[in-house]
Amino acid sequence: MKEKYPLFKKADLLLAAALLFAVGLSLFFLFSGGKTGETAVVYLDGERCAALPLSEDTALEIVTDRGRNLVVVENGKVFVKEADCPDLVCVHTPALSAGDPKTIACLPHRLVILLEGGDGA
Amino acid sequence: MSKKSRFSAKKTAFCGAMTAFALGISYVEAILPLDLGIPGAKPGLANLVSLFLLFSFGPAEAGTVLLARILLSALLFSGPIPLLYSLAGGVLSFLGMWLLRHADRFSVTAVSMAGGVLHNVGQLAVAALLLGRATLRAWLPYLLLVGALTGAIVGLLTRLLLNRQIPEKLGLTPKNA
């Protein structure tokens, strides 16, 4: 019996091309943005609330009515050491060092950490 | 097919069981995080249920079960902010998969991959709205690729399931039978 749902159809190539195009475009945006700097900036609700230079080991506890996050700078890297959010995604996110375009986000507490001060920012 | 037979008692029961199944998968994924290279990313196996229903019945059945699963999951396990993310991801991915399914020219795997990618795009859009645009740039390439990868896995599984003709064997008359 012929299978009703084949593994592959010709039109799939169209979607594959669209995906490759989207990935290429997003990579272009990522690398055209320039390098991020050496200051970790903490945003709460989209508002800038603290700036920590990566050159200095520090710990900053951020407490809001939504919850608590402990942001730590150590050996030129920033990470979230502890938090009381339910998913702990922020704690499990790898530490950022200077130039990293990625971010650390705690969605339940609406907290974002990103690096600024480079030519991109 | 008459309007009445579309949501027969048998089919309603089947959809209920599918909702419970999808809810179970969501829960297991929430308590057993997998490291996919992106913090918080999940394989999205619950989409297996949406795809299966979309292909063997239609958008009404698949959409109802999807919404029920998302709302119940937020009510039982996650809460209002995660609800926003799963709604944005779920609705965008569902609309995309519906459109591609309707075109009837793409394989299950391809529809599923598109669904996985759109799901991540929807979630990232909400993240950009709530947290600011800077969060978007760095994660987008990863999210597109991971969405395609998890979508492919879910699609392959769904295809296996679809080729078993389960609704036909249960005596449920699918729309496209």
Side-chain angles (χ1 to χ4, degrees), chain A residues 1 3-16 18-20 22-33 36 41 43-48 66 80 85-94 96 100-116 120-121, chain B residues 30 33 35 37-41 55-56 77-82 84-85 96 100 103-111 113-114 117 121 123-124 126-145 147-148 151 155-156 158-163 165 168 176-177:
Chain A
M1 194 187 96
E3 279 181 327
K4 198 167 149 196
Y5 299 99
L7 186 60
F8 176 80
K9 290 190 182 180
K10 246 192 268 168
D12 290 358
L13 289 173
L14 209 73
L15 289 181
L19 176 69
L20 282 180
V23 171
L25 203 66
S26 63
L27 282 173
F28 171 75
F29 277 124
L30 175 57
F31 290 110
S32 67
T36 57
V41 181
Y43 286 85
L44 264 176
D45 262 330
E47 307 249 326
R48 191 187 174 103
R66 284 187 289 269
V80 177
C85 52
D87 55 19
L88 294 179
V89 165
C90 54
V91 179
H92 296 140
T93 305
L96 307 176
D100 198 327
K102 292 202 282 298
T103 51
I104 300 176
C106 178
L107 303 181
H109 297 169
R110 297 237 209 143
L111 173 127
V112 182
I113 302 165
L114 41 100
L115 298 173
E116 289 181 4
Chain B
D35 190 0
I38 297 177
F55 273 86
S56 47
F77 317 126
S78 53
I81 299 281
L84 269 183
Y85 286 89
L100 294 176
D104 206 23
R105 295 180 63 174
F106 303 99
S107 70
V108 181
T109 329
V111 174
M113 286 171 78
V117 171
V121 169
Q123 295 211 320
L124 196 63
V126 175
L129 274 178
L130 289 182
L131 306 171
R133 211 168 50 86
T135 38
L136 210 145
R137 205 184 64 186
W139 293 113
L140 190 57
Y142 296 88
L143 283 166
L144 293 175
L145 288 171
L156 291 172
T158 310
R159 181 180 159 263
L160 291 179
L161 204 62
L162 282 168
N163 279 331
Q165 321 239 303
E168 289 85 342
N176 59 339

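Every chain is numbered from 1, with letters handed out A, B, ... down the list of sequences.
For the options P80(B), P141(B), A110(B), heavy-atom pairs under 4.5 Å to chain A are most numerous at P141(B).
In this structure, the separation between SG on C85(A) and CD1 on I81(B) is 12.5 Å, given to the nearest 0.5 Å. For the atom pair L25(A) CG and L144(B) CG, the distance stands at 9.5 Å (nearest 0.5 Å). Here L131(B) contributes atom CG and T103(A) contributes atom OG1; the two are 8.5 Å apart, rounded to the nearest 0.5 Å. Distance CG/L19(A) to CE/M113(B): 6.0 Å, rounded to 0.5 Å.
For CZ of F77(B), the number of neighbouring non-hydrogen atoms (other residues, nucleotides, ligands) closer than 6.0 Å is greater than 12. The 12-atom threshold is not exceeded at CZ of F28(A), counting heavy atoms of other residues, nucleotides or ligands nearer than 6.0 Å.
Residue contact with chain B, scored on non-hydrogen atoms closer than 4.5 Å, involves the backbone and the side chain of L30(A) alike. Residue D12(A) touches chain B through both its backbone and its side chain, counting heavy-atom pairs closer than 4.5 Å. Neither the backbone nor the side chain of I38(B) comes within less than 4.5 Å of any heavy atom of chain A. For L143(B), no part sits under 4.5 Å from any heavy atom of chain A, backbone or side chain. With a threshold of 4.5 angstrom between heavy atoms, L7(A) approaches chain B through its backbone and through its side chain. In this structure, no portion of Y43(A) lies under 4.5 Å from any heavy atom of chain B.
Across Y5(A) and R159(B), no two heavy atoms sit closer than the pair O-NE, 2.8 Å. Nearest heavy atoms, S107(B) versus P6(A): CB-O, 3.8 Å. Across all their heavy atoms, A138(B) and P101(A) have their closest contact at CB-O, 2.8 Å.
Shown here are the ring-ring contact (aromatic ring centres under 6.0 Å, His included) partners of Y85(B), two or more places apart in sequence or in another chain: there are none. In this structure V91(A) satisfies the side chain to side chain contact (heavy atoms under 4.5 Å, CB included) test together with V80(A), A83(A), L88(A), sequence neighbours excluded.
Under the 4.5 Å side-chain criterion, counting only non-hydrogen atoms from C-beta, L15(A) is in contact with F106(B). R110(A) places a side-chain heavy atom less than 4.5 Å from the side chain of L130(B).
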